[in-house]
Participant: 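Dropping a structure here in structure tokens format, bear with me for questions.
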Amino acid sequence: MQTELLKADDAGFARAGEILRAGGLVGMPTETVYGLAGNALDGSVAKKIYAAKGRPSDNPLIVHIAAFSSLAKLVKAVPPAAEKLARAFWPGPLTMILPKAACIPDEVSAGLPTVAVRFPSHPAAQGVIKAAGLPLAAPSANLSGRPSPTTAQHVLHDLSGKIEAVLDGGPCGVGVESTVITLATPVPRLLRPGGITLEALRDVLGEVDMDDAVLHPLKAGVRVSSPGMKYKHYSPKANVVILDGTDAQYRAYVNAHAAPHVMALCYDGDADGLQVPALCYGNLSDERTLAHDLFDALREVDARGAETVYARCPSPEGVGLAVYNRLMRAAGFEVIHLGE
Ligand code: AMP
Ligand code: MG
């Protein structure tokens, strides 16, 4: 199949809507990353999404809506906590998990009794959802295991020829996937950090737990609350190693290990003292810039043929928690603590 490249205008939204109503798949921009959208009410479409991405079918999909009022049809009930979160953060990069309504096919929820729902703020995502007139299941539009796509070109790189269309809305603003919170537990629980921080969620809800999988690798045999967290994720082909230490320790370690096909993944301004090629992915003093550029940088290390990448360790605070969580998974939790 030839993948159509659509523009983020009314004609592009209308064409995307037509494809989606006919059961096809469309890569669409959101403020987090590009999503691979399909009709969330049709289990056979969900199967096509899993097949195109090579995604394990036990990893559920997030359903995207373009109005708060659409939530009620997808879930058993809308609790006060969901209303509070929606008022504070929707439209935006927050996904809520609630007990699902019968209209959500098992393929979308991967057999779970719950469904994940998000109302994105990106005007093009809203344009596509409204034009389709359907809730859209949309996992990240990458091949499973690869870094999530933050441009239409990333989507084409991974999925060209496998999906009907991609709508190009330029680079994504946040750059990492949505924050995922479950409201289906007695105390709300953060399952995946993202652009909406744990601190911001606690400001609105009071008590919010953080799932163990946010900061640590899952231990064998432990029940998984967010299936996506058990897979090695976000990885480039290169071996990523995180170095935890000061500027000077980082530089000394990287330079001592300089060799062909070794690269540094570091912050703006770090490149000067390094004796290996360096990819700078943002400004240490603003975690949002790190989130914005991380996945593009992880793809770039492959494009440059790197075999080993030494990454600086972001501090796990604010949006930095999301960057830390993604980078840890890209590195398979391989961290070297310098100076110990
Ligand atoms: P992606 O769409 O690729 O960003 O991945 C969606 C993430 O949301 C994965 O980590 C899923 O495990 C998680 N997720 C989706 N639905 C549920 C659910 N019903 N319960 C728990 N986690 C979910
Ligand atoms: Mg994904």
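The figures here come from the full heavy-atom set of this structure, side chains too, leaving out hydrogens, waters and symmetry mates. Both ligands and their constituent atoms are indexed starting at 1 by order of listing.
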Participant: Hey, mind stepping through Arg326 and Ser148 against side chain to side chain donor-acceptor pair (under 3.5 Å) and telling me if it holds?
Facilitator: CA-CA 10 Å; Arg326 305 310 190 275; Ser148 292; over 6 Å; no
Participant: Against heavy atoms of Leu112, which atoms of ligand 1 measure under 4.0 Å?
Facilitator: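 The list of qualifying atoms is 18 (C), 19 (N), 20 (N).
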Participant: Answer side chain, backbone, both or neither: which part of Arg192 comes under 4.0 Å from ligand 1, heavy atoms only.
Facilitator: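 The side chain, only.
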Participant: Counting from 1, what ligand 1 atoms have a heavy atom of Thr114 closer than 4.0 Å?
Facilitator: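 Within the 4.0 Å cut-off of Thr114, ligand 1 contributes 18 (C), 19 (N), 20 (N).
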Participant: Which residue from Met96, Lys53, Arg55 reaches closest to atom 6 (C) of ligand 1 through any of its heavy atoms?
Facilitator: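 Ranked by closest heavy atom to atom 6 (C) of ligand 1, first place is Arg55.
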Participant: Identify, with sequence neighbours excluded, every residue that meets side-chain contact (heavy atoms from CB on, under 4.5 Å) alongside Pro79.
Facilitator: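 Scan of Pro79 (side-chain contact (heavy atoms from CB on, under 4.5 Å), adjacent residues dropped) gives Ala82, Leu98.
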Participant: Look at the N, O or S atoms of Ser148, main chain and side chain alike, and state whether any lies under 2.8 Å from the Mg ion (ligand 2).
Facilitator: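 Given the 2.8 Å cut-off, Ser148 does not count as a ligand of the Mg ion (ligand 2).
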Participant: Does Asp9 reach the main-chain N or O of Gly12 with its side chain, forming a donor-acceptor pair under 3.5 Å?
Facilitator: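 Indeed, once roles are kept as given, a pair shorter than 3.5 Å links the two residues.
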Participant: Determine all donor-acceptor pairs shorter than 3.5 Å in which one atom belongs to a side chain in residues 193-200; sequence neighbours excluded.
Facilitator:
from   : atom 1 : to     : atom 2 : distance (Å)
Thr197 : OG1    : Glu199 : OE1    : 3.4
Thr197 : OG1    : Ala200 : N      : 3.1

Participant: Applying the side chain to side chain contact (heavy atoms under 4.5 Å, CB included) test to Glu177, which of Ile62, Thr95, Val33 qualifies?
Facilitator: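 Checked Ile62, Thr95, Val33 against Glu177; only one passes side chain to side chain contact (heavy atoms under 4.5 Å, CB included): Val33.
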Participant: Which of the numbered atoms in ligand 1 are under 4.0 angstrom from any heavy atom belonging to Ser140?
Facilitator: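 Those atoms are 1 (P), 2 (O), 3 (O).
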Participant: For Tyr281, run the side chain to side chain contact (heavy atoms under 4.5 Å, CB included) check against Leu294, Thr289, Leu298 and tell me which one passes.
Facilitator: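 One option only clears the test, and that one is Leu294.
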Participant: If the cut-off is 4.0 Å to any non-hydrogen atom of Asn59, which atoms of ligand 1 fall inside it?
Facilitator: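 The atoms of ligand 1 under 4.0 Å from a heavy atom of Asn59 are 9 (C), 11 (C), 12 (O).
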Participant: Charged N to carboxylate O under 4.0 angstrom, Arg299 versus Asp158?
Facilitator: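 Between Asp158 and Arg299 there is a salt bridge, with a charged N closer than 4.0 Å to a carboxylate O.
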Participant: Given that the side chain starts at C-beta and the backbone is N, CA, C, O, which of these parts of Val33 lies under 4.0 Å from ligand 1, counting heavy atoms, or is it both or neither?
Facilitator: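 No part of Val33 is near ligand 1 at this cut-off.
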Participant: Mark up the atoms of ligand 1 that fall under 4.0 Å of a heavy atom belonging to Pro139, in ascending order.
Facilitator: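 What qualifies from ligand 1 is 2 (O), 3 (O).
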